[in-house]
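All values below were derived from every heavy atom in this structure, side-chain atoms included, with hydrogens, water molecules and symmetry-related copies excluded.
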Amino acid sequence: MLIIDNLETMEDARNIHSFLYDELPTKLRVIVTSRQLLVLDKYIAIQPLKKVAIDKLINNLLEDTDISLNDDELDTLYQSVGGMPGAIMYAINLLKAHYSFTLALSRTTKPNEDSNKFWFEGYLQLLRKQPAYYLLMALAMFPEFALEEAIVHVALPEADESTISEGFTYLQQLQLIKKEKNSYVILLPLTRSYVFGELDANSQFEQIARERWINWYLQHSQKHGKKDEKEWNEYKDLEGEWENLEAVIEWCMSENKYQEFLQLWQNINGYSHAQGYYQSDRTTAWQNRLDWMNWLIAATKEKEDWLNAAKLICDQAWTFTLMGNKLKEAKSLFVEVCKISSKVRKDQDINFKFNLAIHIVYLRLKEDKLAKATFWLNFSKKLLQEANLNEETAKYQWVHIFYYRGKISDFSGDYEQAKFYYNQAIDLAETIGWKRAINMVKNWLADIAVKQGNLKEAKPMLEECLRVAEENSDKCSIAFCKESMAFLENKNGNLQEAIRLANLAYENFISLGMLIEAEATRLFIETIK
């Protein structure tokens with residue numbers, strides 16, 4: 001038996017390849033180890049261990065010791081080093097040497113640690129000064145699968161197709177990256193940490209690459225973002241790159257790149273808001289959004305960029321209003337926006353001032369202050385009448401006016417007037433194709449039909465509203481539809497079904513962080529038990 005270890009490091013590797021493929025004696029058995037995938041009749045491509053196997057390995061290594069790791073620590077260790085047994089063993093040995101978990105993890109993942117040099121330096125010796133080396137360094141900037149075109153733009157925008165193809169193929173042969181469709185990611189988090197060390201050592205390349213990285217996502221988000229957050233929109237191209245976009249944003253914040261971050265925010269604001277409709281936990285979905293706005297608001301104030309400061313604070317106040325449990329904070333922010341707006345020229349962005357006023361209408365309705373809501377609605381109407389907006393934008397804003405006129409009439413018990421305004425809102429929304437608004441207003445029309453005893457009219461309306469909301473995965477609209485269907489079943493005398501639907505709506509409202517709506521639904525359930 002012949003054993004050839006680390007084939008790729010041998011000076012005469014080409015002749016050895018020739019011997020293995022063409023001249024191997026029939027009775028000779030050979031074991032070859034290599035970082036590169038070899039085309040042999042029988043080979044074992046060793047992959048990272050799965051989480052279950054890593055947990056078992058750790059438990060075995062910690063047997064007969066007084067050291068134990070909780071579930072969070074096990075998860076953190078696996079997320080930091082991946083399924084690399086050698087790294088796991090190194091970390092556990094540090095724990096046995098009385099290092100704290102935090103210090104052991106830090107030592108294990110540091111690019112300049114001797115252990116990491118032992119594991120990765122051989123790979124880098126094969127790569128340095130090759131196109132694949134720059135592709136790998138660029139890929140380290142992306143925490144998740146990244147589109148090939150994005151990686152190439154960051155690493156080697158001038159390279160030809162053949163060079164790029166060979167580079168990616170070589171990285172796959174070395175099992176440093178993996179591919180899914182037209183996207184790539186570094187296989188192990190520990191590899192990524194080590195490659196960051198290479199980026200540090202190539203500061204000139206990193207500076208240029210980071211600029212390309214930001215610019216690519218500016219272009220990508222400009223192309224696939226900038227959509228209305230109040231409408232159902234297709235965001236798959238942003239969603240697929242979202243975690244990479246988050247990394248770009250965090251980098252802009254850490255490097256104080258205000259203009260770049262502001263442009264990114266303007267592109268992705270609609271999607272980051274819409275996540276609150278689609279994800280189960282609205283509060284969690286919006287946490288990054290709120291953190292980013294805090295950073296941008298502070299930066300706009302520092303730069304005395306008052307129009308953008310006002311827009312951002314208004315947006316944050318609107319987000320707090322929708323969350324329901326932060327109405328006091330929302331009210332305080334709206335007061336601040338009104339003060340800042342005095343520093344904005346009267347003729348500057350009238351559309352923003354309308355949005356500010358109409359958002360305050362919604363806040364006042366949430367507070368059940370109909371007189372104040374009416375005051376702000378009248379002010380909104382005055383602004384709209386004086387504005388010189390294009391036809392589609394004007395119609396879009398008039399839908400808000402009619403919708404909230406209907407809401408105020410509805411809450412006041414004037415159902416005929418409410419129906420008139422709701423139908424006005426639907427008619428206008430249909431002319432501009434605003435599907436989400438149409439569906440929501442139909443839901444409120446069905447509620448009025450229930451209140452007026454027109455149950456046969458209400459049922460098909462609500463079934464259609466629920467179907468459309470589910471087709472668009474709008475958890476917020478789904479919750480309102482289920483609540484309305486509970487009202488309908490209660491009127492029909494189907495108390496058990498009413499309670500079942502109301503409980504589903506309540507659970508949805510709670511998960512979305514819509515606490516005011518959840519409390520109203522809970523009180524409804526109590527009245528029919």
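- Under a cut-off of 6.0 angstrom, the local environment of NZ in Lys223 is sparse, with at most 12 non-hydrogen atoms contributed by other residues, nucleotides or ligands.
- The pair Lys311-Asp315 fails the salt-bridge criterion, with no side-chain N (NZ, NE, NH1 or NH2) lying under 4.0 Å from an Asp/Glu carboxylate O.
- When the shell of 6.0 Å around CD of Glu243 is examined, it contains 12 or fewer heavy atoms from other residues, nucleotides or ligands.
- Looking at Leu327 and Thr321, their side chains come closer than 4.5 Å, going by heavy atoms from C-beta outward.
- A donor-acceptor contact shorter than 3.5 Å links the side chain of Asn244 to the backbone of Glu144.
- Proximity of a side-chain donor or acceptor of Thr76 to a complementary backbone N or O of Asp72 within less than 3.5 Å is detected.
- Trp216 and His220 have parallel rings, their planes meeting at less than 30° on a 0 to 90° scale where 60° marks the start of perpendicular.
- The aromatic rings of His273 and Trp318 lie parallel to each other, their planes meeting at an angle below 30°, with 60° marking the opposite boundary.
- For Glu161, the CD atom sits in a loose shell: 12 or fewer heavy atoms of surrounding residues, nucleotides or ligands are nearer than 6.0 Å.
- Atom CD1 of residue Ile208 and atom OH of residue Tyr134 lie 10.5 Å apart, to the nearest 0.5 angstrom.
- With hydrogens and angles disregarded, a donor-acceptor distance shorter than 3.5 Å links the side chain of Glu231 to the backbone of Lys435.
- At distances below 3.5 Å, not a single donor-acceptor pair connects side-chain atoms of Gln207 with backbone N or O atoms of Gln204.
- Atom CG of Asp160 sits in a crowded spot, with more than 12 heavy atoms from other residues, nucleotides or ligands closer than 6.0 Å.
- Rounding to the nearest 0.5 Å places CG of Leu264 at 10.5 Å from CD of Gln222.
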Trace of the side-chain contact (heavy atoms from CB on, under 4.5 Å) decision for Tyr396 with Leu389: CA-CA 10 Å; Tyr396 177 84; Leu389 302 176; over 6 Å; no

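- Counting only heavy atoms from C-beta outward, the side chains of Gln397 and Asn351 approach each other to under 4.5 Å.
- The structure places CD1 of Ile313 at 11.0 Å from CG of Leu296, a figure rounded to the nearest 0.5 Å.
- Counting only distance, with no hydrogens or angles, the side chain of Ser511 and the backbone of Asn508 share a donor-acceptor pair below 3.5 Å.
- By the 30° and 60° cut-offs, the orientation of the rings of Trp251 relative to Trp213 is perpendicular.
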Side chain to side chain donor-acceptor pair (under 3.5 Å) evaluation trace for Asp291 with Gln287: CA-CA 6 Å; Asp291 291 342; Gln287 189 54 58; 3.1 Å; yes

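- Aromatic ring pairs are classed by plane angle as parallel below 30°, tilted from 30° to 60° and perpendicular above 60°; the pair Phe261 and Trp292 is perpendicular.
- Taking the six-membered ring for Trp and thresholds of 30 and 60 degrees, Tyr235 and Tyr271 have ring planes inclined between 30 and 60 degrees apart.
- A donor-acceptor pair under 3.5 Å is formed between the side chain of Lys227 and the backbone N or O of Glu234.
- Residues Val399 and Lys395 have side chains not in contact (no heavy-atom distance under 4.5 Å, counting atoms from C-beta outward).
- Ile360 has its side chain within reach of Cys338: a pair of non-hydrogen atoms, C-beta onward, lies under 4.5 Å apart.
- In this structure, Leu290 and Met323 have side chains that are in contact, with non-hydrogen atoms separated by less than 4.5 Å.
- With Lys475 contributing its side chain and Tyr278 its backbone, the two residues share a donor-acceptor pair below 3.5 Å.
- Between Leu103 and Leu94 the shortest side-chain heavy-atom distance does not fall below 4.5 Å.
- When side chains are defined from C-beta on, Leu262 counts as touching Asp305, because their heavy atoms get closer than 4.5 Å.
- Atom CD of Glu392 has 12 or fewer heavy atoms from other residues, nucleotides or ligands within 6.0 Å.
- Residue Tyr78 holds its OH atom at 8.0 Å from CG of Leu49, rounded to the nearest 0.5 Å.
- Within a 6.0 Å radius of CG in Asn388, no more than 12 heavy atoms belonging to other residues, nucleotides or ligands are found.
- In this structure a side-chain-to-backbone donor-acceptor pair under 3.5 Å is present from Asn93 to Met89.
- A side-chain donor-acceptor contact under 3.5 Å links Ser221 to the backbone of Leu218.
- Remark: Lys301 engages Glu336 in a salt bridge, criterion side-chain N to carboxylate O under 4.0 Å.
- If you take CG on Asn233 and CG on Leu238, they are separated by 10.5 Å, rounding to the nearest 0.5 Å.
- Residue His400 holds its NE2 atom at 3.5 Å from CH2 of Trp434, rounded to the nearest 0.5 Å.
- For the pair Phe168/Val152, a side-chain contact is recorded, criterion being any heavy-atom separation below 4.5 Å from C-beta on.
- Panel note: side chain His359, backbone Asn355; a donor-acceptor pair is recorded below 3.5 Å.
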